[in-house]
Asker: 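Quick one: this structure, given as structure tokens, is what I'll be asking you about.
Fair warning: this is a prediction, and the values are worked out from it, not measured in the lab.
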Amino acid sequence: MSETTAGVARVENLVADVMASHAARGARLEAWLRLGVVAFVWACLLLEPPSEQAGWCYGVAVAYPVLWALTMPVLRRQPTRGPDLSWLPLALDIAVLGVLTMLAGLSAEDSWTAYVIVNGFFLLPVLAATQLSPRVGLALALPTVGVYVLSSVTTREANGEPWRSLFLRVAVLVGVCVGSVALSRIQRSRVMDIAIDRAGLLVELAGVEEHERRRLSEALHDGALQFVLGARMDLEDVRDGDPEAVDRVDHALTQTAGLLRRTVSELHPAVLDQAGLVRAVEDLAEALRGRGYTVDVRMEGMPVRPATNADRVVFGAVRELVANVVRHSGAQSVVLDLRYDDGQLVAAVTDDGAGFDEESAARQLAAGHIGLASQRLRVEAAGGRLVASRGEPRGTRMTVTLPG
């Protein structure tokens, strides 16, 4: 399988997972709404009982939840590829309300049962909308309106209702059905957009991580590994008694230790887990001061807690932003602002340098400098955002906001 084909398959699987997740939520909502319909039916029969055919009405009301429960195993065993049976419970709703309305309509002169129960049809388009399937909604809208019209016509004379009133009620139900179909179409489109965006984001993030692994491999090969190989060759001179070779080996091992320590720190900063986000940011500030920068650290409402996943994402972004200040900004002073506000973890890095240029950032990305882009992807994948703005009076302000 080619890399492109594998990427497409991965996106399709991610989209399918998101759609399945939203479909499951819709199914739970549909179940709660159907419980509401069952309660509505029983409330109608108990509070406004029919004077005729009451036994049949109660029998249908008892059979309703039983038949609904029997359809659940069928839907759970439904194969992924096969006929869509999600319409079964909705068809049952239509049949039950239609039968009850016509049975109760036989005693409409003595009770209002049928006139009340027929209003339950207005709940059915809402149930259909939870399917996120315009085809299911449209397929069930037609029988819903048809059975509603049949029930209303059957009980019209007993209720003494004029045709104009019946027509208006039917028109309202048609409007609700059309709205539910349109709503399910819009919601399905939105879910698809969300799924595709999330899948694309995760695929891009996987690509960025692969690029960073290659970069790390190259850095280790061109840095620490070369010093180790040089020290190994110098060991021959050490065995021959060359005193300068000992110094060369010592220098190579010292450089190797420093490179490996920095690499390990990049992969997993120990201070973050041991002392928390505040201390880790303060260490970044100290490192900047050691490079000659004027650094102002501002903390507001930061809780004292062990490092969380949000803390790790924010710290990775702040560290990359600080590195960009050193590499590209030409700044002399930096402000590190960290605060916890209304459940949001906010970190801002402000410098007085040359300012942020989108075109320049795009050129750096095209040249393979993906640090900022990778951090933006990580922040967005975690549900946050990374925003660039102009500093005051000049420079750049980069703000990371993440649910904390």
Asker: Quick one: list whatever passes side-chain contact (heavy atoms from CB on, under 4.5 Å) with Val387, sequence neighbours left out.
Answerer: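 Per chain and number, Val387 pairs via side-chain contact (heavy atoms from CB on, under 4.5 Å) with Arg385.
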
Asker: Backbone N or O of Gly395 within a donor-acceptor pair of the Asp352 side chain at under 3.5 Å?
Answerer: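 No, the answer is negative, given that no donor and acceptor are paired below the 3.5 Å cut-off.
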
Asker: Which residue, Leu288, Val334, Val281, forms the side chain to side chain contact (heavy atoms under 4.5 Å, CB included) with Val322?
Answerer: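 So the option named by the test is Leu288.
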
Asker: Could you point out which residue of Val346, Val379, Val314 forms a side chain to side chain contact (heavy atoms under 4.5 Å, CB included) with Thr401?
Answerer: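 Going through Val346, Val379, Val314 one by one, the side chain to side chain contact (heavy atoms under 4.5 Å, CB included) with Thr401 is satisfied by Val346 alone.
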
Asker: Enumerate the side chain to side chain donor-acceptor pair (under 3.5 Å) contacts for residues 140-150, please, sequence neighbours excluded, ordered by first and then second residue.
Answerer: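 Only Tyr148-Arg169 qualify under side chain to side chain donor-acceptor pair (under 3.5 Å).
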
Asker: With a 4.5 Å heavy-atom cut-off, do Asp337 and Thr350 have their side chains touching?
Answerer: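 No, side chains not in contact.
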
Asker: Measure the shortest side-chain to side-chain distance between Asn324 and Glu320 over non-hydrogen atoms and say whether it is less than 4.5 angstrom.
Answerer: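 Answer yes - side chains close enough.
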
Asker: Could you tabulate the donor-acceptor pairs under 3.5 Å formed by side-chain atoms of residues 171-178, not counting sequence neighbours?
Answerer:
none

Asker: Suppose we screen for side chain to side chain donor-acceptor pair (under 3.5 Å). Which residues come up paired with Ser189, at least two apart in sequence or across chains?
Answerer: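 Ser189: no side chain to side chain donor-acceptor pair (under 3.5 Å) contacts found.
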
Asker: Please tell me if the side chains of Phe121 and Leu124 come closer than 4.5 Å, counting only heavy atoms from C-beta onward.
Answerer: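 Contact flag for Phe121/Leu124 side chains = yes.
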
Asker: Inspect the contact between Asp250 and Arg248 and indicate whether a charged nitrogen and a carboxylate oxygen are less than 4.0 angstrom apart.
Answerer: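 Salt bridge between Arg248 and Asp250, a charged N being under 4.0 Å from a carboxylate O: no.
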
Asker: Not counting sequence neighbours, which residues clear salt bridge (charged side-chain N to carboxylate O under 4.0 Å, His left out) with Asp296? List them please.
Answerer: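 Testing Asp296 for salt bridge (charged side-chain N to carboxylate O under 4.0 Å, His left out), a comparison that skips the adjacent residues, returns Arg298.
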
Asker: With a 4.5 Å limit on heavy-atom distance, are the side chains of Val153 and Leu150 in contact?
Answerer: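 Not in contact.
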
Asker: If I compare all heavy atoms of Ser180 with all of Pro125, which pair ends up nearest, and what's the gap?
Answerer: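 Heavy-atom minimum between the residues: CB-O, 3.3 Å.
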
Asker: With sequence neighbours left out, write down each residue that passes side chain to side chain donor-acceptor pair (under 3.5 Å) with Asn119, or none if nothing qualifies.
Answerer: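 Once residues adjacent in sequence are excluded, Asn119 has no partner under the side chain to side chain donor-acceptor pair (under 3.5 Å) criterion.
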
Asker: Do the side chains of Leu386 and Met398 get nearer than 4.5 Å, heavy atoms only?
Answerer: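 Met398 reaches Leu386 side chain to side chain.
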
Asker: Considering only residues two or more places apart or on different chains, which pairs with a residue in residues 174-196 satisfy ring-ring contact (aromatic ring centres under 6.0 Å, His included)?
Answerer: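 Listed by first then second residue: nothing to list.
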
Asker: First locate atom OH of Tyr58, then atom CG of Leu46, and finally report the distance between them rounded to the nearest 0.5 Å.
Answerer: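 With rounding to 0.5 Å, OH (Tyr58) is 5.5 Å from CG (Leu46).
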
Asker: Please report the shortest heavy-atom distance between Tyr293 and Val326, naming the atom on each side.
Answerer: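 Nearest pair, atom of Tyr293 first, then Val326: OH-CA, 3.5 Å.
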
Asker: What distance separates Leu345 CG from Leu277 CG, expressed to the nearest 0.5 Å?
Answerer: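 Rounded to the nearest 0.5 Å, the CG-CG separation comes to 6.0 Å.
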
Asker: If you compare all heavy atoms of Leu402 against all heavy atoms of Gly383, which two are closest, and at what distance to 0.1 Å?
Answerer: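 The answer is CD1-C, 4.1 Å.
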
Asker: Yes or no on side-chain contact (heavy atoms from CB on, under 4.5 Å) for Asp283 and Arg279, after CA distance, side-chain angles and deciding distance?
Answerer: CA-CA 6 Å; Asp283 282 1; Arg279 175 62 183 277; 3.3 Å; yes

Asker: Checking Ala61 now: which residues fulfil side-chain contact (heavy atoms from CB on, under 4.5 Å) with it, not counting sequence neighbours?
Answerer: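 So Ala61 forms a side-chain contact (heavy atoms from CB on, under 4.5 Å) with Val41, Trp42, Leu45.
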
Asker: Indicate yes or no: at least one non-hydrogen side-chain atom of Val349 is less than 4.5 angstrom from one of Val318.
Answerer: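 SC-SC contact between Val349 and Val318 confirmed.
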
Asker: What are the two closest heavy atoms between Ser184 and Pro134, and how far apart are they?
Answerer: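 It is OG-CA, 3.6 Å.
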
Asker: Identify, with sequence neighbours excluded, every residue that meets side chain to side chain donor-acceptor pair (under 3.5 Å) alongside Ser165.
Answerer: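 Ser165 satisfies side chain to side chain donor-acceptor pair (under 3.5 Å) with Glu161 only.
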
Asker: Identify every side-chain donor-acceptor pair in residues 89-100 under 3.5 Å, counting partners at least two apart or on other chains, and give the distances.
Answerer:
from	atom 1	to	atom 2	distance (Å)
Asp93	OD1	Arg34	NE	3.1
Asp93	OD1	Tyr64	OH	2.6
Asp93	OD2	Arg34	NE	3.1
Asp93	OD2	Arg34	NH2	2.9

Asker: Output all residues satisfying side chain to side chain donor-acceptor pair (under 3.5 Å) with Glu286, sequence neighbours left out; order by chain, then residue number.
Answerer: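 Glu286: side chain to side chain donor-acceptor pair (under 3.5 Å) contacts with Arg289.
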
Asker: Kindly write out the residues that satisfy side-chain contact (heavy atoms from CB on, under 4.5 Å) with Leu123, not counting sequence neighbours, or none if the list is empty.
Answerer: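 Once residues adjacent in sequence are excluded, the partners of Leu123 under the side-chain contact (heavy atoms from CB on, under 4.5 Å) criterion are Val37.
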
Asker: Grab the two heavy atoms, one from Pro403 and one from Ala310, that are nearest each other, plus how far apart they are.
Answerer: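 Minimum heavy-atom contact is O-CB, 3.6 Å.
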
Asker: Is there a side-chain contact between Gln332 and Thr294 in this structure, where contact means two heavy atoms from C-beta onward sitting under 4.5 Å apart?
Answerer: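 Not touching, per the 4.5 Å side-chain cut-off.
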
